Amino acid sequence: MAVAWYNGALPTRHEKVGMGLPMTPQGSLWAMPGLHTPYAKQQVPLPAHRKVERCAFQPSVVNGQPHAAVRPIRIMSEPECPKALGLNAKQLESFIRDGYLVIWPTVPGGDAFHQQAYKEASRIAELGEVGNNLIADEVSPGRLLDPLLDAPEMVGALTSLLGEDYSMGLHRHCHMAKPGSPGQSLHQDDFHGFDGYRHHVPTEVMFFYYPQAVSSEMGPLAVAPGSQYRRRSGPAWAWTPAGAPLVEKEVTFPRAGACVIMNWHLWHRGTQQRGGTSVPVRYAFKFQFRRTRPLLPPPALLLPALAERNPFLGDHAGNQDTGPGESHDCPQEQHSLLCSAVWAGLSGSPLPARNMDALSNQCGGYRYAALAVASGTWCASEAFTDFLRCLVRSQDADRPGNPGGYLSENVWLSEERVDTRSEIAGALQLFSGYLSEEDLHLARTLARGVLEAIVQPMESLGRSRIHQWHADWNLEMILSLSRLLPVEDAIVNLSQFVVPPQVGRVQLRALYGIYDVGIRCGAPSSAAWQAAADKAQLEGKLMECIAWWQKWPATRQWPQQAAQEALVRKPQGPQGMTPIQMAPPEGPAMDCGGRYAMYEALRVLSRFGSQQSALEAVRLSGLSDSSLCSGDQWRQRLSHFIERRRRCPITSVNSAF
């Protein structure tokens with residue numbers, strides 16, 4: 001008989017089964033942290049064939065009072081256990097603190113694999129295919145890097161940080177440092193050529209794979225440890241981190257095969273190649289990944305690490321709040337405060353309220369709204385009510401004739417320019433979805449307010465689409481709808497942003513939301529998903545999106561017009577040049593993210609669409625291989641092809657992104 005450990009007296013959400021709590025068909029044990037005996041250990045008998053991971057739960061605290069919140073305990077059966085190695089507590093602590101982690105993945109052949117990968121990097125560099133198509137069949141038919149992407153250490157680390165069902169993005173690149181390479185300035189990676197909202201908790205990560213040893217003379221990566229929580233400061237094109245000067249650290253390796261997993265928002269740069277021809281060319285394969293599930297429940301792989309207490313709370317803090325006047329458990333240094341909140345968000349153990357208060361007092365406003373939601377220090381009902389009130393005030397400011405409205409401005413988020421609605425949208429994206437009926441009602445009311453705030457000002461100004469400017473709060477609000485609305489409402493409302501005349505970046509955010517809804521509701525087998533997709537005519541809209549961007553390289557009609565409209569009131573760059581003028585002829589700004597929207601539309605269809613629609617999408621994509629959509633395993637085969645093997649028609653040797 002296996003035993004599941006949990007904290008607190010846990011009345012069940014559903015009908016009790018025997019002595020313990022009910023299991024869902026997926027092997028999850030659902031429970032509601034109770035108000036009775038907090039932190040009292042209980043035992044739940046489970047079927048002997050189940051493998052049980054340890055998980056600790058605590059009741060949320062709202063205004064000093066225990067607050068019931070439904071959270072699941074994940075229990076995985078033996079056949080479901082992934083062959084992956086999750087991060088341990090020290091690795092997780094290091095990533096949260098420093099923003100990066102070095103992993104040594106196990107690959108077949110060892111050094112021989114890395115030598116072959118180095119030759120492959122040199123070959124694709126000669127072809128000029130160092131961008132999004134670097135592992136496509138037409139460029140790399142040997143599928144050399146698949147064992148690396150599927151290595152147990154890589155899958156385990158990415159699952160630990162991003163949760164199960166993380167997705168790999170289309171954006172990828174092979175960076176190189178050749179003799180004479182001058183290096184880069186310190187920067188954060190952007191969002192396909194644009195700025196955007198940056199979460200403190202890990203929602204996007206990237207990794208660099210080095211197929212050779214790297215010395216300081218080879219132009220290694222330099223990172224500023226802990227800088228992932230820093231925003232920019234000063235002019236839009238300055239790329240200057242806010243706050244005190246950052247201390248850089250060169251990341252070198254004595255042997256080939258290292259992978260650096262990095263928070264997407266970490267400040268970093270490629271350094272100058274100082275070795276000339278006396279050292280090999282330094283290559284680094286970069287891949288991008290994003291979270292598709294809520295923070296809670298934590299992935300099973302991470303539970304052993306999360307069983308440790310929050311390491312950023314101090315020597316005596318534990319995971320409980322202290323009495324009045326006791327401050328030893330509240331680190332005063334801002335970075336430690338941020339790290340403690342991020343750990344709390346990943347673990348589901350509420351952060352002591354005084355820690356979050358200390359952060360809020362340092363900056364005020366909504367700067368850490370998302371972190372307060374993630375760390376459990378801001379309950380859903382209070383946050384929803386406050387956010388709705390703020391949206392109404394902001395909506396009044398957007399009325400025609402008011403020059404202060406956000407809709408008419410291009411916002412680059414920085415320490416000096418905080419967009420309240422972007423902060424709120426970021427917070428809404430992190431709600432776990434385990435809400436009471438009252439909270440669900442508030443969430444739907446808020447979602448209607450979000451839609452009104454997006455659509456009404458746009459219509460009043462005579463616009464048929466949302467613009468693609470850098471940190472527009474509309475883009476973040478669109479993604480938040482997937483967390484606020486039930487399945488049918490979410491799909492119906494998000495699908496309207498998938499087709500032209502919406503620009504690529506808007507389509508991409510809506511498609512992210514649709515995909516996330518499908519993951520969470522168990523599509524395509526979910527009856528709610530099928531009903532919603534039929535009502536919204538989702539598959540037809542997805543194919544319209546795919547067809548539009550597939551033919552775009554030959555026509556280039558509407559996005560260029562939209563780009564020219566975006567020149568109005570855009571911030572000026574060096575020598576007065578605008579971002580569009582500074583972009584290369586086939587750069588990321590010209591399709592406004594359309595290549596990534598097409599990729600996500602194909603992903604949604606392959607994962608959740610009908611076989612007939614998937615076959616039509618393959619045809620629209622210019623592919624003739626109908627075998628991708630045949631057989632019992634067609635979904636897995638087509639999804640794998642789209643994620644790794646398909647060639648992007650917009651990316652070219654002149655447009656590396």
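Remember, predicted model here, so these are calculated numbers, not experimental data.
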Where do Tyr599 and Trp549 land on the side chain to side chain contact (heavy atoms under 4.5 Å, CB included) test, with the steps shown first? CA-CA 10 Å; Tyr599 173 79; Trp549 292 112; over 6 Å; no
Heavy atoms of Ala370 and Tyr197 approach each other most closely as CB-OH, 3.4 Å
Criterion salt bridge (Lys or Arg N to Asp or Glu O under 4.0 Å) on Asp137 and Arg143, from CA distance to verdict: CA-CA 7 Å; Asp137 273 346; Arg143 306 185 178 184; 3.4 Å; yes
Under 3.5 Å, is there a donor-acceptor pair between the side chain of Thr159 and the main chain of Gly156? no
Option passing side chain to side chain donor-acceptor pair (under 3.5 Å) with His265 (candidates Gln228, Gln188, Glu204): Glu204
For Asp489 and Arg444, what are the C-alpha separation, side-chain angles and deciding distance, and is it a salt bridge (Lys or Arg N to Asp or Glu O under 4.0 Å)? CA-CA 9 Å; Asp489 291 347; Arg444 292 166 188 172; 5.5 Å; no
Among Arg607, Arg520, Arg291, which residue meets the salt bridge (Lys or Arg N to Asp or Glu O under 4.0 Å) test with Asp165? Arg607
I'd like to know if the side chain of Trp529 pairs up with that of Glu488 as donor and acceptor (distance under 3.5 Å, no hydrogens or angles considered). no
Stepwise side chain to side chain contact (heavy atoms under 4.5 Å, CB included) test for Ile546 and Leu605: CA-CA 10 Å; Ile546 293 166; Leu605 268 176; 3.7 Å; yes
Can you name the nearest heavy-atom pair linking Thr106 to Pro152, along with the distance? O-CD, 4.3 Å
State whether Asp190 and Arg198 are salt-bridged, where the test is any N-O pair (Lys NZ or Arg NE/NH1/NH2 against Asp/Glu carboxylate O) under 4.0 Å. no
Run Arg647 and Glu129 through salt bridge (Lys or Arg N to Asp or Glu O under 4.0 Å) and show every step you take. CA-CA 11 Å; Arg647 183 185 181 95; Glu129 291 282 9; 2.5 Å; yes
Is there a donor-acceptor contact under 3.5 Å from the side chain of Ser526 to the main chain of Ala528? yes
Which one of Arg290, Arg509, Arg603 satisfies the salt bridge (Lys or Arg N to Asp or Glu O under 4.0 Å) criterion with Asp516? Arg290
So which heavy atom on Val604 is nearest to which on Leu511, and how close? CG2-O, 4.1 Å
Taking 4.0 angstrom as the limit, do Arg644 and Asp150 come out as a salt bridge? yes
Find the distance between CG (Leu148) and CD (Glu153) and round it off to the nearest 0.5 Å. 10.0 Å
Less than 3.5 Å apart, any donor N or O on the side chain of Tyr596 or Asn132 sitting next to an acceptor on the other? yes
All heavy atoms of Leu162 vs all of Pro202, minimum pair found to be CD2-O, 3.8 Å
Test log, rule side chain to side chain contact (heavy atoms under 4.5 Å, CB included), inputs Met154 and Ile261: CA-CA 9 Å; Met154 300 308 299; Ile261 296 183; 4.1 Å; yes
Where Val618 and Cys629 come nearest, the two heavy atoms and their spacing: CG2-SG, 3.7 Å
Stepwise side chain to side chain contact (heavy atoms under 4.5 Å, CB included) check, Leu145 with Tyr209: CA-CA 10 Å; Leu145 295 183; Tyr209 160 59; 4.0 Å; yes
Taking the side chain as C-beta and beyond, is there a heavy-atom pair between Ser480 and Met477 under 4.5 Å? yes
Candidate pair Phe207 and Phe289, rule ring pair (Phe, Tyr, Trp, His ring centres under 6.0 Å), full reasoning: CA-CA 9 Å; Phe207 78 69; Phe289 304 84; 5.6 Å; yes
Would you tell me whether Ser639 and Ser606 have side-chain atoms, one donor and one acceptor, within less than 3.5 Å of each other? yes
